[in-house]
Number of protein chains: 2
Amino acid sequence: MSKQELKVLGRSDDVGACCSGLLTAPLDEDQAAELAKVFKALGDPVRLRLLSMIASRAGGEVCVCDLTPAFDLSQPTISHHLKLLRQAGLIDCERRGTWVYYWLVPEMTDRLAGILTRPAGEPLPARTAPAGAAS
Amino acid sequence: MSKQELKVLGRSDDVGACCSGLLTAPLDEDQAAELAKVFKALGDPVRLRLLSMIASRAGGEVCVCDLTPAFDLSQPTISHHLKLLRQAGLIDCERRGTWVYYWLVPEMTDRLAGILTRPAGEPLPARTAPAGAAS
DNA sequence: CACTTGCATTGATGACTGTCGATGCAAGAT
DNA sequence: ATCTTGCATCGACAGTCATCAATGCAAGTG
């Protein structure tokens, strides 16, 4: 339940590896394609809420049966969104008896946060009085 | 060129304000919908590459004429992607003579990075030996 | 003025996505 | 074994999206 499924991310090193930041050097096509899959998984309000419910849960994991009733959506739809989040490497899950529990993969959110963080003390080219503006 | 267009984000306070983190408390529907628009804008490889090209540019801004030839896509398509990034609040632009220049809005990427960052020294509920596993 | 160049907008189209009901499957209960 | 419950998968359908060619518009050039 936790290790089959097409591993969307990384062909080899996966989560921990890769690129410093999107803001410091132009992404190449492969990096961009890989990253886009993760951001696309975050690009839906239902999945964002699911992720935040899972991530903020004391104890670190949530049973699907606690997630589904929080939405005005069918159970297959929630299951589908959870699958996408898992394929993006943002969460993982495990069956335990009758129930399935999900938890956050913090390495992935850490990686995204790092990618979106600009190196401290950047020049920050004073975007206020654009040089030769059309005056 | 820089201030019309439907302001996708914030109804009032916009970028700087809002929520602490997606990882600490469940997002409500409005926050999730708002955030999802920004992540959706990042969920495309072309837009990610555009953003990284703009953000990493020395001088802080890029002319569209420098961006378009870097892709195997038509000029209207690039223009469309730039529009989406701008509507998401990630970049802004200005016409200067014949050319249009784009630059990063670092407040937005900062905000996203913050949202994806978990509070330091979190319990990190030892996901290794799942309690009552199906043994 | 007409002509050219840089970029945005429009309209069309094929591909993808979110959603559902129906179904399948695993595991505990009887 | 049969029934029930929890969740995933399947197939279908409507809505959204990425892309293009055609066109429009702004601004510099002759």
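Here is the naming used below: chain letters follow the sequence lines, and residue numbers restart at 1 for every chain.
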**Student:** Which distance, rounded to the nearest 0.5 Å, do you find between the CG of B:L85 and the CG of B:L50?
**Tutor:**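 So the gap between those two atoms works out to 6.5 Å.
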**Student:** Just how far, in rounded Å, is P of D:dG6 from CZ of A:R95?
**Tutor:**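 After rounding, the reported distance stands at 11 Å.
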**Student:** Could you state the atom-to-atom distance from CG of A:L50 to P of D:dA8 in whole Å?
**Tutor:**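 Answer to the nearest Å: 11 Å.
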**Student:** Not counting sequence neighbours, which residues clear side chain to side chain contact (heavy atoms under 4.5 Å, CB included) with B:L84? List them please.
**Tutor:**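 Result, side chain to side chain contact (heavy atoms under 4.5 Å, CB included) vs B:L84: B:R47, B:H80, B:Q87.
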**Student:** Would you indicate, yes or no, if D:dA8 has its OP1 or OP2 atom less than 4.0 angstrom from a side-chain nitrogen or oxygen of A:Y102?
**Tutor:**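 It does, given that an N or O in the side chain of A:Y102 lies less than 4.0 Å from OP1 or OP2 of D:dA8.
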**Student:** Give the minimum heavy-atom separation between B:A88 and B:M108, together with the two atoms involved.
**Tutor:**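 Distance-wise, the nearest heavy atoms are O-CE, 3.5 Å.
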**Student:** By the side chain to side chain donor-acceptor pair (under 3.5 Å) test, which pairs, at least two apart or in different chains, include something from residues 64-74 of chain B?
**Tutor:**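 Counting only pairs at least two positions apart or across chains, the side chain to side chain donor-acceptor pair (under 3.5 Å) contacts touching residues 64-74 of chain B are B:R57-B:D66, B:S74-B:T77.
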**Student:** Measure the distance from CG on B:L85 to C1' on C:dA8 and round it to the nearest whole Å.
**Tutor:**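 It works out to 15 Å between those atoms.
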**Student:** For the side chain of B:V64, starting at C-beta, report the closest nucleotide among C:dG6, C:dA27, C:dC7.
**Tutor:**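 Closest nucleotide among those given: C:dC7.
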**Student:** Taking side chain to side chain contact (heavy atoms under 4.5 Å, CB included) as the test, write out the residues that go with A:A32, two or more places apart.
**Tutor:**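 So A:A32 forms a side chain to side chain contact (heavy atoms under 4.5 Å, CB included) with A:L27, B:P45, B:L48, B:R49.
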**Student:** What residues form a side chain to side chain contact (heavy atoms under 4.5 Å, CB included) with A:C65, not counting sequence neighbours?
**Tutor:**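 Listed in chain order: A:C63, A:W99.
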**Student:** Whole angstrom is fine here: how far is it from CH2 in B:W99 over to P in C:dT5?
**Tutor:**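 Spelled out: CH2 on B:W99 to P on C:dT5 is 12 Å.
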**Student:** Using OP1 and OP2 only, check whether a side-chain N or O of B:T98 sits under 4.0 Å from C:dG6.
**Tutor:**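 No, no such contact exists.
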**Student:** Measure from CD on B:E94 to C1' on C:dC7 and round the result to the nearest Å.
**Tutor:**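 Nearest whole value for this atom pair: 15 Å.
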**Student:** Checking A:D28 now: which residues fulfil salt bridge (Lys or Arg N to Asp or Glu O under 4.0 Å) with it, not counting sequence neighbours?
**Tutor:**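 Salt bridge (Lys or Arg N to Asp or Glu O under 4.0 Å) check on A:D28 returns nothing, list empty.
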**Student:** What one-letter contact string describes nucleotides 11-23 of chain C from 5' to 3', where B marks a base within less than 4.0 Å of any protein heavy atom, S marks contact via sugar-phosphate atoms alone, and - marks no contact?
**Tutor:** ------SSBBBB-
**Student:** How long is the span from the CG atom in A:D92 to the CZ atom in A:R86, to the nearest 0.5 Å?
**Tutor:**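 Separation between the atoms: 6.5 Å.
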**Student:** Angle between the two end axes of the helix from C:dC1-D:dG30 to C:dT30-D:dA1, five base pairs per end, rounded to 10 degrees?
**Tutor:**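 Angle reported: 10°, given to the nearest ten degrees.
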**Student:** In whole Å, what is the span from the CG atom of B:L82 to the P atom of C:dA8?
**Tutor:**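 Those two atoms, CG and P, are 6 Å apart.
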**Student:** Counting side-chain heavy atoms from C-beta on, which of C:dT9, D:dA27, D:dT9 comes nearest to B:K83?
**Tutor:**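 For B:K83, the side-chain atoms sit closest to C:dT9.
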**Student:** Not counting sequence neighbours, which residues clear salt bridge (Lys or Arg N to Asp or Glu O under 4.0 Å) with A:D110? List them please.
**Tutor:**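 Listed in chain order: B:R118.
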